Amino acid sequence: MYAPVHHRTAVVDDLEVFYREAGDPGDPAVVLLHGFPTSSHMFRHLIPALADRYHVVAPDHIGFGQSAMPGPQDFPYTFEALTHVTSGLLRHLAIDRFAMYVQDYGAPIGWRLAIESPDRVTAIVTQNGNAYDEGFVRPFWDGVFAYASAPGPETEAPLRAALTPEVTRWQYVNGVADPSLVSPDNWVHDQALLDRPGNDEIQLKLFRDYPTNVGLYPRVHQYFRDSGVPLLAVWGANDEIFGPDGARAFRRDLPEAEIQLVDSGHFALESHFGTITEHIRDFLARVLA
């Protein structure tokens with residue numbers, strides 16, 4: 001049965017937050033948190049595929065997608081600030097408890113939500129959403145950490161290259177055995193949003209803030225141990241941004257974590273939508289029963 005997807009905007013802290021929503025608000029909530037450089041667009045197929053059993057909400061982070069894009073002088077563009085807005089949206093929607101799907105940037109936002117209110121999170125699906133040092137693939141991350149520790153023209157140049165069409169496309173097709181399965185609409189859509197005047201400075205601010213996420217990892221691991229939250233890591237095994245060791249590492253603190261590696265890359269949902277959706281539906285049906 002087809003589930004209609006609504007495209008809505010809420011005002012949180014005087015900022016317009018765009019979100020996609022489907023399903024019955026009386027059903028268990030599932031919050032989908034996107035990564036860089038995309039938006040809730042990455043969940044356009046997953047939302048209706050889950051909405052027959054769940055209330056699904058997928059926001060665009062501030063500075064991404066259709067949400068507000070204030071200049072860096074008007075918004076701090078830290079992961080803490082993005083989390084604050086996401087938390088405000090959930091309050092606005094009266095979502096008290098929720099499972100979450102996190103990918104890339106969505107992971108540190110999700111981890112902060114969980115640390116802030118552990119009892120609210122019913123389950124976690126992480127798709128190439130990192131929480132361990134083992135997940136960082138070098139040399140991709142060397143440039144990010146060099147820039148964060150010593151911002152300047154030399155360290156900034158490689159990060160500006162990460163905002164180009166070539167790298168945006170690479171994030172989607174690298175590690176995918178059959179790139180014809182990945183629609184070019186993805187990187188065309190993302191690049192158009194990255195190319196908006198002023199968005200480069202927003203992304204650079206978030207690159208500089210990224211090490212705060214790593215500094216949070218010990219608290220994240222403690223949260224895992226204390227909560228025993230059900231977790232499914234369904235991961236593109238060929239990702240050269242967050243490698244499969246990052247998926248396996250969840251079992252260190254959550255011995256019952258379920259690990260599913262698929263033959264894909266960073267945006268595995270694009271090439272393995274059916275497989276990943278089956279894993280998610282099976283997992284949520286068991287842990288949210």
Side-chain angles (χ1 to χ4, degrees), residues 2-10 12 15-23 30-51 54-69 77 79 82 85-86 89-90 93 100-110 125-129 162-176 179-196 198-200 202-203 206 234 236 239 241-242 264-277 280:
Y2 174 77
V5 178
H6 301 273
H7 303 81
R8 294 180 163 134
T9 301
V12 178
L15 296 167
E16 290 192 347
V17 180
F18 173 84
Y19 62 100
R20 302 170 197 249
E21 182 177 28
V30 179
V31 177
L32 312 178
L33 300 175
H34 71 81
F36 166 87
T38 187
S39 63
S40 61
H41 177 263
M42 73 171 285
F43 300 121
R44 65 201 179 281
H45 301 307
L46 184 62
I47 294 168
L50 297 179
Y54 306 102
H55 176 209
V56 188
V57 174
D60 288 353
H61 308 317
I62 297 299
F64 293 80
Q66 304 299 317
S67 285
M69 194 190 80
Y77 288 105
F79 286 89
L82 296 182
V85 173
T86 305
L89 176 66
L90 296 178
L93 297 175
M100 60 183 176
Y101 176 126
V102 300
Q103 194 265 348
D104 191 80
Y105 276 12
I109 294 170
V125 176
T126 171
Q127 186 258 294
N128 299 71
L163 306 178
T164 60
E166 294 77 15
V167 176
T168 301
R169 180 183 182 277
W170 175 87
Q171 290 198 61
Y172 278 97
V173 300
N174 185 61
V176 180
S180 72
L181 293 172
V182 183
S183 170
D185 294 344
N186 288 292
W187 55 85
V188 171
H189 174 273
D190 290 356
Q191 194 63 43
L193 295 168
L194 282 175
D195 287 344
R196 289 175 293 175
N199 195 264
D200 56 344
I202 288 169
Q203 303 306 331
L206 289 169
V234 57
D239 187 3
I241 300 173
F242 294 122
S264 189
H266 191 62
F267 286 106
L269 196 60
E270 293 299 326
S271 61
H272 286 67
F273 172 78
T275 299
I276 291 174
T277 300
I280 293 171

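Predicted, not measured: the structure shown is a model, and the values here were computed from it. Residue indices begin at 1 and follow the sequence shown.
Atom CG in D190 sits 6.5 Å away from atom CZ in F267 (nearest 0.5 Å). Between the CG atom of L194 and the CD1 atom of I202 there is a distance of 10.5 Å, given to the nearest 0.5 Å. Interatomic distance, OH of Y19 versus OG1 of T86, reported as 13.5 Å (0.5 Å rounding). Atoms CD and CG, from Q203 and L163 in turn, are 6.5 Å apart once rounded to the nearest 0.5 Å. If you take CD on Q66 and CD on E16, they are separated by 11.0 Å, rounding to the nearest 0.5 Å. Here the CG atom belonging to L82 is positioned 5.5 Å from the CG atom belonging to L206, to the nearest 0.5 angstrom.
Residues A22 and A51 come closest through the heavy atom pair CB-CB, 3.6 Å. In this structure, L181 and S271 approach most closely via the heavy-atom pair CD1-O, 4.0 Å. The heavy-atom pair separating S39 from H189 by the smallest distance is OG-CE1, 3.5 Å. Closest heavy-atom contact between Q171 and P37: NE2-CD, 3.6 Å.
F64 and F36 have perpendicular rings, their planes meeting at more than 60° on a 0 to 90° scale where under 30° would count as parallel.
By the 4.5 Å heavy-atom criterion applied to side chains, L33 and P59 are counted as neighbours. Between I280 and V30, every side-chain heavy-atom pair lies at or beyond the 4.5 Å cut-off. Within the 4.5 Å cutoff, the side chain of V56 has no heavy atoms near those of the F43 side chain.
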Determine whether D104 and T38 satisfy the following criterion, side-chain contact (heavy atoms from CB on, under 4.5 Å), listing intermediate values before the conclusion.
CA-CA 10 Å; D104 191 80; T38 187; over 6 Å; no
- Report the C-alpha distance between N128 and I241 in whole Å, list the side-chain angles of each, state the deciding distance to 0.1 Å, and finish with yes or no for side-chain contact (heavy atoms from CB on, under 4.5 Å). CA-CA 9 Å; N128 299 71; I241 300 173; over 6 Å; no
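Under the 3.5 Å distance criterion, the side-chain polar atoms of N199 are matched with a main-chain donor or acceptor of G63. For Q103 (side chain) and L32 (main-chain N/O), no donor-acceptor pair under 3.5 Å exists by modelled atom type. In terms of modelled atom types and a separation under 3.5 Å, the side chain of N186 and the main chain of S183 share a donor-acceptor contact. Checking side-chain atoms of R196 against main-chain N and O of L193 turns up a donor-acceptor pair under 3.5 Å. Within the 3.5 Å criterion, the main-chain N or O of D60 finds a donor-acceptor partner in the side chain of S67.
Taking the six-membered ring where the residue is Trp, the centroids of Y105 and H61 are separated by 6.0 Å or more.
Under the side-chain hydrogen bond (donor to acceptor under 3.5 Å, both in side chains) criterion, Y101 pairs with Q127, sequence neighbours left out.
Of the candidates H7, H6, H55, H55 is the only one forming a side chain to side chain donor-acceptor pair (under 3.5 Å) with E21.
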